[in-house]
Amino acid sequence: MTTTSYEVAVRAEAELGEGPTWDAAAGRLLWIDILGSRVHTYDPATGRRTVRRTEQHVGAVKPRAGGGLVLNLRDGIGLLDGDSDGDLDGGFRWLHHEPVPGRRANDAAVAPDGTLWAGTMRYDEAPGGGTLSRISGDGSVAVILDDVAVSNGTGWSPDGRLMYYIDSPTRRIDVFDFADGQVSGRRALAEIEDGAGFPDGLTVDAEGCVWVALWEGAAVRRYTPDGELDRVIPLPVPRVTACAFAGPDLTDLYITTARVGLASPPPLSGSLLVVPGAGKGLAQPAFAG
C-alpha cells in the first residue's frame with residue numbers, strides 16, 4: 001500500500017534533522033538538528049516552537065521521568081532540567097562524560113525499563129568505530145555492541161520481548177531477543193534492496209510493525225513483524241532520517257529530514273513532515289534518570 005498524504009509540520013532548513021520523539025507529559029514533539037547543534041520543540045495543538053542550541057553536536061533527545069531532557073551528545077550523556085514554562089532554559093550537567101576523538105553521538109531510544117540505549121559513530125563512518133550502549137538512571141554504562149559503523153534506529157516490540165536495531169551500512173533491520181536489559185539471537189528482519197536507500201531511524205507501532213526512514217530513499221516504509229513490506233510513504237526529499245508517532249492519540253507520524261551534503265536540496269529538505277492518521281503508535285517510556 002502506498003500513501004502520499006504528508007503535510008509540512010515545520011518548514012525548516014535543518015542540516016541533519018533527526019530523532020522525533022513525543023513528550024507526552026509536555027504535549028509536544030521533540031526533534032533535533034544533529035550538525036546544527038539544536039534541540040527543537042513543536043506543539044501540534046498550538047503551533048508553538050522553541051529552539052535551544054547545544055554546545056556540541058547532539059545525536060538524540062528524550063524526556064526524563066522526573067522532568068527535563070536527556071541528551072546524547074558528542075562527548076557523552078547530558079541532563080537538561082526543565083523550567084516552569086516548558087522552554088529549554090534549565091540547567092545542564094553531565095550524567096556520563098566520555099569524549100572520544102573523532103566520534104559523535106547518534107540515535108538513541110528508551111527501553112521499556114527506562115534505560116537509555118545510545119548509539120555512537122565516527123565522523124568518518126569507519127566500520128567498527130561506533131557503539132550501542134545502555135545507560136542507567138544513575139549514569140552507569142554497559143556497552144552492548146562495540147562493532148558498529150553508524151548506530152541508528154532502535155525500538156522495542158509491544159510486549160518488550162524483541163528489540164529492533166539498525167546499523168545503517170548493513171542495509172538491514174535487525175531483531176534481537178530482549179530480556180533483563182540484555183540482547184541475544186541477532187538476526188535480520190528485513191533488508192533494504194540496492195537502489196532503495198539506507199535504513200536510518202525507526203519506530204514500532206501498536207501492531208508490532210516497524211516503520212523505517214530511508215536515507216537516500218525518499219520514503220518511509222512499514223514492515224510487518226514477519227519482515228514483509230506492507231506500506232510505503234513516498235516523500236519529496238531524498239534524505240529521510242527518522243519517524244515517530246506523536247500527538248495525544250499517537251496516530252500522526254512525524255518525519256525528520258536532512259539537507260546535509262546535497263548540492264541543490266529540494267525545498268522541503270530539513271523540514272519536519274507529518275502524515276496525519278498514519279497508524280497507532282506505542283507510548284514511549286521516559287528515561288529513568
Side-chain angles (χ1 to χ4, degrees), residues 19 21-22 24 59-66 70 72 76-77 79 95-96 98 105-121 128 130-192 199-213 222-228 230 242-245 250 279-289:
T21 299
W22 181 242
V61 57
K62 305 294 176 183
R64 294 163 55 200
V70 59
N72 192 23
I77 307 300
L79 300 178
L95 178 66
H96 175 74
E98 186 185 2
N106 210 40
D107 207 353
V110 179
D113 63 2
T115 56
L116 182 73
W117 290 60
T120 64
M121 58 177 283
T131 60
L132 178 68
S133 298
R134 184 187 68 234
I135 298 93
S136 300
D138 62 3
S140 59
V141 176
V143 177
I144 304 299
L145 301 175
D146 61 1
D147 188 19
V148 174
V150 181
S151 187
N152 252 315
T154 307
W156 285 264
S157 60
D159 63 7
R161 297 175 63 183
L162 300 174
M163 188 185 87
Y164 299 97
Y165 178 70
I166 289 170
D167 181 1
S168 290
T170 68
R171 306 185 81 105
R172 296 193 315 268
I173 306 165
D174 286 343
V175 57
F176 295 82
D177 297 313
F178 185 83
D180 300 322
Q182 300 293 328
V183 294
S184 61
R186 185 175 189 171
R187 64 266 188 198
L189 174 76
E191 187 165 352
I192 308 302
D200 200 325
L202 68 77
T203 192
V204 182
D205 68 21
E207 297 178 349
C209 295
V210 179
W211 299 70
V212 59
R222 185 176 88 153
Y223 289 87
T224 70
D226 295 327
E228 296 296 323
D230 79 337
C243 55
F245 285 96
L250 297 174
K280 178 67 174 178
L282 293 169
Q284 298 297 302
F287 175 59

* To do: Starting at CD of E98, measure out to OG1 of T131 and round the result to the nearest 0.5 Å.
  => 7.5 Å

* Enter the distance from R134:CZ to Q182:CD here, rounded to the nearest 0.5 Å. => 5.0 Å

* Asked: Regarding S140 and D138, is there a side-chain donor-to-acceptor distance under 3.5 Å anywhere?
  -> yes

* Asked: Just wondering, do T154 and Y165 contact through their side chains at under 4.5 Å, heavy atoms?
  -> yes

* M163 side, atom CE; F176 side, atom CZ - distance, nearest 0.5 Å -> 5.0 Å

* Could you tell me which non-hydrogen atom of A111 sits nearest to which non-hydrogen atom of P285, and how far apart they are? => O-CG, 3.2 Å

* Hey, is the main chain of A213 close enough, under 3.5 Å, to the side chain of D200 for a donor-acceptor pair? -> no

* Asked: Considering the options N106, V150, V148, which one meets the side-chain contact (heavy atoms from CB on, under 4.5 Å) requirement together with S168?
  -> V150

* To do: Kindly give the heavy-atom pair with the smallest separation between A65 and A286, and that separation in Å.
  => N-CB, 3.5 Å

* Would you say the side-chain atoms of D205 pair up with the backbone N or O of G208, donor to acceptor, closer than 3.5 Å? -> yes

* **side-chain contact (heavy atoms from CB on, under 4.5 Å) evaluation trace for L282 with F245** => CA-CA 8 Å; L282 293 169; F245 285 96; over 6 Å; no

* Any side-chain heavy-atom pair from P225 and S157 closer than 4.5 angstrom? -> no

* Asked: To the nearest 0.5 Å, how far apart are OG1 in T203 and CH2 in W211?
  -> 9.5 Å

* To do: Would you indicate whether the side-chain heavy atoms of V61 and T21 approach each other to under 4.5 Å?
  => no

* Do you know which two heavy atoms are closest between A108 and L116, and how far apart they sit? -> CB-CD1, 4.1 Å

* To do: Output the distance between atom NZ (K62) and atom CZ (F287), rounded to the nearest 0.5 Å.
  => 12.5 Å

* **N-O pairing of R186 and D174 below 4.0 Å** => yes

* Do E228 and R222 meet the salt-bridge criterion of a basic N to acidic O distance under 4.0 Å? -> no

* Interatomic distance, W117 atom CH2 to W156 atom CH2 [nearest 0.5 angstrom] -> 6.0 Å

* Asked: So, for A206 and P158, which heavy atoms are closest and what is the spacing to 0.1 Å?
  -> O-CG, 3.8 Å

* Side chain to side chain, I77 and N72, heavy atoms closer than 4.5 Å -> yes

* **side-chain contact (heavy atoms from CB on, under 4.5 Å) between L79 and R64, intermediate numbers included** => CA-CA 9 Å; L79 300 178; R64 294 163 55 200; 3.8 Å; yes

* To do: Over all heavy atoms of both residues, which pair between A242 and G19 is shortest? Give the atoms and the distance, please.
  => CB-N, 3.8 Å

* Ionic contact status for R187 with D177, cut-off 4.0 Å -> yes

* Can you tell me if S136 and T115 form a side-chain donor-acceptor pair at under 3.5 Å? -> no

* To do: Might you work through the side-chain contact (heavy atoms from CB on, under 4.5 Å) test for L95 and I135, ending with a clear yes or no?
  => CA-CA 9 Å; L95 178 66; I135 298 93; 4.0 Å; yes

* **Test log, rule side-chain contact (heavy atoms from CB on, under 4.5 Å), inputs F178 and L162** => CA-CA 5 Å; F178 185 83; L162 300 174; 5.8 Å; no

